[in-house]
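Report on the structure given below.
Atoms within each ligand, like the ligands themselves, are counted from 1 in listed order. What you are looking at is a predicted structure, and each value in this text was computed from that prediction instead of being measured.
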Amino acid sequence: MSKSLEISDRDVLIVVDVQYDFCPGGQLAVPRGDEVIAPINDIARHFRHVIITQDWHPPGHLSFASSHPGRKPHETIDVFYGRQILWPDHCVQGTRGAELREELDIPHAELIIRKGYHKNIDSYSVFFENDRRTPTGLAGYLRERGLQRAFFAGLALDFCVRYSAEDASRIGFPAVIIEDACRAIDVNGSLDETRRSISKLGVPFVSIAEVKAAQAE
Ligand code: VGL
Ligand code: ZN
């Protein structure tokens with residue numbers, strides 16, 4: 001029983017990128033990515049406020065290896081905002097792969113926010129694009145609606161969940177990661193790096209069971 005995990009009306013669950021392309025069979029499949037769907041549907045019922053994010057790239061996006069002749073997915077290049085890992089083409093606007101998994105069953109979700117739609121900037125975080133400067137508008141939305149603490153679940157733990165939780169925490173929204181409602185890509189040590197970086201910021205990793213146990217009967 002952890003009183004601090006008790007969910008209030010000022011808490012929001014942010015469901016990150018549960019899309020076909022991030023699940024087995026998709027273009028950038030996260031191993032066992034589809035396993036997050038049932039637990040997310042379950043945990044979402046405990047939250048009055050839920051926001052869903054959607055990776056949403058134009059064709060020819062800068063993060064696609066195919067946009068850089070001779071480059072392959074998982075290689076890193078230098079771009080104007082620093083290092084960028086290259087990915088297979090994924091979550092292209094309007095394609096089946098970019099759709100949210102239809103098994104997601106969260107009818108009370110209040111907002112679906114898209115990111116990564118600027119052709120020349122990638123966006124892992126749902127608060128700022130990878131230049132760390134271009135906002136998505138989510139911080140303003142949360143503030144205006146009085147939402148203060150963000151619980152994160154979804155894909156991928158070592159990219160969009162990680163950067164979203166880190167930005168949330170840095171800009172004044174306490175963040176909590178529901179670890180067993182996430183799955184990781186784990187490329188070039190990214191999962192270890194995520195654990196190091198997240199614990200340095202003091203963002204807690206919790207389990208679905210802990211969150212459920214903390215709710216008042
Ligand atoms: C993601 C890599 C590229 C994610 C999105 O949702 O974690 N990862 N685009
Ligand atoms: Zn992407």
Would you say the Zn ion (ligand 2) has [X] as a near neighbour, meaning an N/O/S atom of that residue under 2.8 Å away?
| X | value |
| --- | --- |
| Cys160 | no |
| His57 | yes |
| Asp122 | no |

Original post:
In His90, which N, O or S atom comes closest to the Zn ion (ligand 2)?
Top reply: NE2
**OP:** Measuring from the Zn ion (ligand 2), name the closest N, O or S atom belonging to Asp55.
**Re:**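 Per the distance ranking, Asp55 contributes OD2 as its closest N/O/S atom to the Zn ion (ligand 2).
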May I ask you to check whether [X] has an N/O atom sitting below 3.5 Å from an N/O atom of ligand 1?
| X | value |
| --- | --- |
| Phe159 | no |
| Asp55 | yes |
| Leu28 | no |

**OP:** For Gln19 and ligand 1, answer yes if some heavy atom of the residue is under 4.0 Å from a ligand atom, otherwise no.
**Re:**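 Under 4.0 Å: no for Gln19.
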**OP:** Answer yes or no: are there more than 12 heavy-atom neighbours, outside Arg96 itself, under 6.0 Å from its atom CZ?
**Re:** yes
Subject >> Whether over 12 other heavy atoms sit under 6.0 Å from Arg170 CZ >> reply: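 Yes, CZ of Arg170 has more than 12 neighbouring heavy atoms, counting only those of other groups under 6.0 Å.
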Subject >> Hydrophobic cluster identity match, Phe47 and Phe173, side-chain contacts under 4.5 Å >> reply: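 Per the 4.5 Å side-chain linkage, Phe47 and Phe173 are not co-clustered.
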**OP:** Treating Ile, Leu, Val, Met, Phe, Trp and Tyr as nodes and any side-chain heavy-atom pair under 4.5 angstrom as an edge, say whether Ile43 and Phe151 lie in one connected cluster.
**Re:** yes
With atoms numbered from 1 as shown, which atoms in ligand 1 lie under 4.0 angstrom from a non-hydrogen atom of [X]?
| X | result |
| --- | --- |
| Leu155 | 6 (O), 7 (O) |
| Asp17 | 4 (C), 6 (O) |
| Cys160 | 1 (C), 4 (C), 5 (C), 6 (O), 7 (O) |

**OP:** Check the pair His61, Tyr117 against ring pair (Phe, Tyr, Trp, His ring centres under 6.0 Å), reporting the backbone distance first and the verdict last.
**Re:** CA-CA 8 Å; His61 191 252; Tyr117 47 74; 9.7 Å; no
Original post:
Given the rule in the side-chain contact (heavy atoms from CB on, under 4.5 Å) test, do Ile177 and Cys182 qualify, once you have shown the distances and angles that lead to the verdict?
Top reply: CA-CA 8 Å; Ile177 295 177; Cys182 298; 4.1 Å; yes
Original post:
Side chain of Asp131, backbone of Tyr81: donor and acceptor closer than 3.5 Å?
Top reply: no
Original post:
Looking at Ala165 and Ile198, what are the two nearest heavy atoms and their distance?
Top reply: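 Ala165 and Ile198 have their closest heavy atoms at CB-CD1, 4.3 Å.
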Original post:
Given that the side chain starts at C-beta and the backbone is N, CA, C, O, which of these parts of Asp158 lies under 4.0 Å from ligand 1, counting heavy atoms, or is it both or neither?
Top reply: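 Neither part.
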Subject >> atom 2 (C) of ligand 1 - nearest protein heavy atom and its distance >> reply: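 The answer is Trp87 CE2, 3.4 Å.
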Original post:
Would the Phe22 and His90 ring centres measure less than 6.0 Å apart?
Top reply: yes
